[in-house]
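Just follow the structure's listing: the first ligand is 1, and inside any ligand the first atom is 1. Along the sequence shown, residues carry numbers from 1.
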Amino acid sequence: MNELVIRTPDDWHLHFRDGDFLAETVPATARCFRRAIVMPNLTPPVTTADLAVAYRQRILAASPEGSHFEPLMTLYLTDKTTTADIRAARRAGVVAAKLYPAGATTNSSAAVSSLDSLEPVFEALAENAMLLLVHGEVTDGDIDIFDREKVFIDRHLEGIVDRHPGLKVVFEHITTKDAVDFVMDGPITLAATVTPQHLLLNRNDLFVGGIRPHNYCLPVLKRSTHQQALRQAVASGSPKFFLGTDSAPHAKHKKEASCGCAGCYSAWSAIELYAQVFEELGVLDKLEAFASEHGPNFYGLPLNQGTITLAKRPWQIPEVIKMSDGDTIVPFFAGQTVGWQLQG
Ligand code: NCD
Ligand code: ZN
Ligand code: ZN
């Protein structure tokens with residue numbers, strides 16, 4: 001097979017950032033994806049309907065001429081979020097709320113420190129047909145960083161899912177066999193996004209002849225057995241798993257630093273890298289459902305009508321991307337060759 005035509009996909013988890021980043025990040029995603037779930041971890045975070053509407057306008061203003069790209073906005077939960085905030089967000093077209101445990105990841109210091117007090121907010125999300133998107137890691141310093149996802153399931157996520165049967169929950173960027181099993185065995189209201197980096201890499205890839213900051217993201221890469229479980233999950237064709245790149249750009253000097261930022265900027269090669277994984281797994285026929293059907297079906301949104309074409313043609317991901325302000329970003333898989341290329 002030299003050409004693959006699939007329904008136009010969506011990205012169910014990404015970070016556009018703001019300001020000068022938008023001129024780079026929005027076209028990169030719009031080249032391939034029709035819609036994207038836009039994460040709200042800006043500084044300051046997107047905590048109200050008004051902030052979400054304004055951010056959406058800035059994203060649309062950065063969309064390429066003639067593009068039909070549609071950003072799907074999310075609300076950043078804090079200890080102070082009220083049920084009225086949820087209702088206002090719903091009226092403004094916000095589709096989901098994002099739960100970051102305080103301190104779990106980039107720009108999460110203003111996020112949630114007490115999950116119990118959010119129970120009424122979770123109820124309001126369900127009542128307003130909005131989804132709960134979860135960065136599922138505990139932040140306790142005494143929990144090993146490789147165990148934080150599993151401990152979050154046991155301490156928090158299982159309870160949230162059990163107590164709110166009417167709430168759709170997306171377990172974002174899953175990284176472990178524990179998460180795969182939890183989602184597989186859970187109710188139909190529970191699904192997960194899977195990133196290219198967690199399908200392609202394991203924790204050895206953080207230390208190949210030296211420390212590899214551009215493979216560092218959160219949740220951190222896990223051991224190979226977990227990577228294999230994620231690959232089996234997407235290969236199974238289960239509708240509970242769908243595409244979410246977690247494309248998360250940071251300037252080069254902020255990744256290559258004494259305290260480097262977490263996040264992989266994969267927008268320029270995401271669909272191609274997923275195609276590579278599905279080909280390696282011998283399930284290219286399942287790529288379309290993973291990329292273009294399971295997500296909208298779970299969110300209760302229509303499927304896209306157009307198609308994209310991927311050609312089997314090796315190409316090299318650039319070493320570096322220059323931004324308009326002079327800063328640079330090192331993309332995920334920089335300098336490496338990918339077997340598939342998006343056409344047009
Ligand atoms: C994301 C970011 O940089 O915003 N980083 C990451 O490593 N995934 C935040 C997140 O998704 O946790
Ligand atoms: Zn996250
Ligand atoms: Zn993310």
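- Protein heavy atom at the shortest distance from atom 10 (C) of ligand 1 is T105 OG1, 3.3 Å.
- The protein heavy atom nearest to atom 7 (O) of ligand 1 is L218 N, 2.7 Å.
- Distances from the Zn ion (ligand 3) to each N, O or S atom of H13 single out NE2 as the nearest.
- Using a 4.0 Å cut-off between charged nitrogen and carboxylate oxygen, E280 and R231 count as a salt-bridge pair.
- D246 has its closest N, O or S atom to the Zn ion (ligand 3) at the position named OD1.
- Residue C217 approaches ligand 1 through these ligand atoms, each under 4.0 Å from one of its heavy atoms: 7 (O).
- In this structure, R58 pairs ionically with D18, as a charged nitrogen and a carboxylate oxygen lie closer than 4.0 Å.
- The shell of residues lying under 4.0 angstrom from ligand 1, judged by heavy atoms, excludes M39.
- For E279 and Y274, the side-chain atoms include no donor-acceptor pair closer than 3.5 Å.
- Of all atoms in ligand 1, listed by their number and element, those nearer than 4.0 Å to a heavy atom of A248 are 1 (C), 2 (C), 3 (O).
- Not close to ligand 1: E172, with no non-hydrogen atom less than 4.0 angstrom away.
- In summary, of the residues considered (V38, L133, L77), a side chain to side chain contact (heavy atoms under 4.5 Å, CB included) with K98 occurs for L133 alone.
- Not a single heavy atom of Q197 sits less than 4.0 Å from an atom of ligand 1.
- Counting the atoms of ligand 1 from 1 in the order shown, those under 4.0 Å from a heavy atom of D246 are 6 (C), 8 (N), 11 (O).
- Ion pairing of D144 with R148 is absent here, as no side-chain N (NZ or NE/NH1/NH2) approaches a carboxylate O to less than 4.0 Å.
- Geometrically, K240 does not engage F298 in a cation-pi contact defined by less than 6.0 Å to the ring centre and at most 45° from the axis.
- In summary, the aromatic rings of Y76 and Y100 are positioned with their centroids under 6.0 Å apart.
- Shown in contact with R17 at under 4.0 Å from a heavy atom are these atoms of ligand 1, numbered in order with element: 2 (C), 3 (O), 4 (O).
- With a heavy-atom cut-off of 4.0 Å, A262 touches ligand 1 through backbone and side chain alike.
- Within ligand 1, the atoms closer than 4.0 Å to a non-hydrogen atom of H135 are 12 (O), numbered from 1 in the order shown.
- Contact atoms of ligand 1 toward H13: 11 (O) (distance under 4.0 Å to a heavy atom of the residue).
- When each atom of ligand 1 is checked for a heavy atom of H173 under 4.0 Å away, the hits are 11 (O), 12 (O).
- Annotation: Y100 places no N or O atom under 3.5 Å from an N or O atom of ligand 1; distance criterion only.
- Within the coordination shell of the Zn ion (ligand 3), defined by N, O or S atoms under 2.8 Å, H15 is present.
- H135 contributes ND1 as its N, O or S atom closest to the Zn ion (ligand 2).
- The residue from F241, W12, F171 that alone fulfils the side chain to side chain contact (heavy atoms under 4.5 Å, CB included) condition with T193 is W12.
- Considering only heavy atoms from C-beta on, W340 comes within 4.5 Å of L284 through its side chain.
- Geometric assessment of R223 against the ring of F146 yields a negative cation-pi assignment under the 6.0 Å and 45° thresholds.
- We find that E127 and R87 are not joined by a salt bridge, their nearest charged nitrogen and carboxylate oxygen being 4.0 Å or further apart.
- Close N/O approach between H15 and ligand 1 is found [any backbone or side-chain N/O within under 3.5 Å].
- Salt-bridge formation is detected for the pair E70/R34: a Lys NZ or Arg NE/NH1/NH2 atom is positioned less than 4.0 Å from an Asp or Glu carboxylate oxygen.
- Here N107 has no heavy atoms under 4.0 Å from ligand 1, in either its backbone or its side chain.
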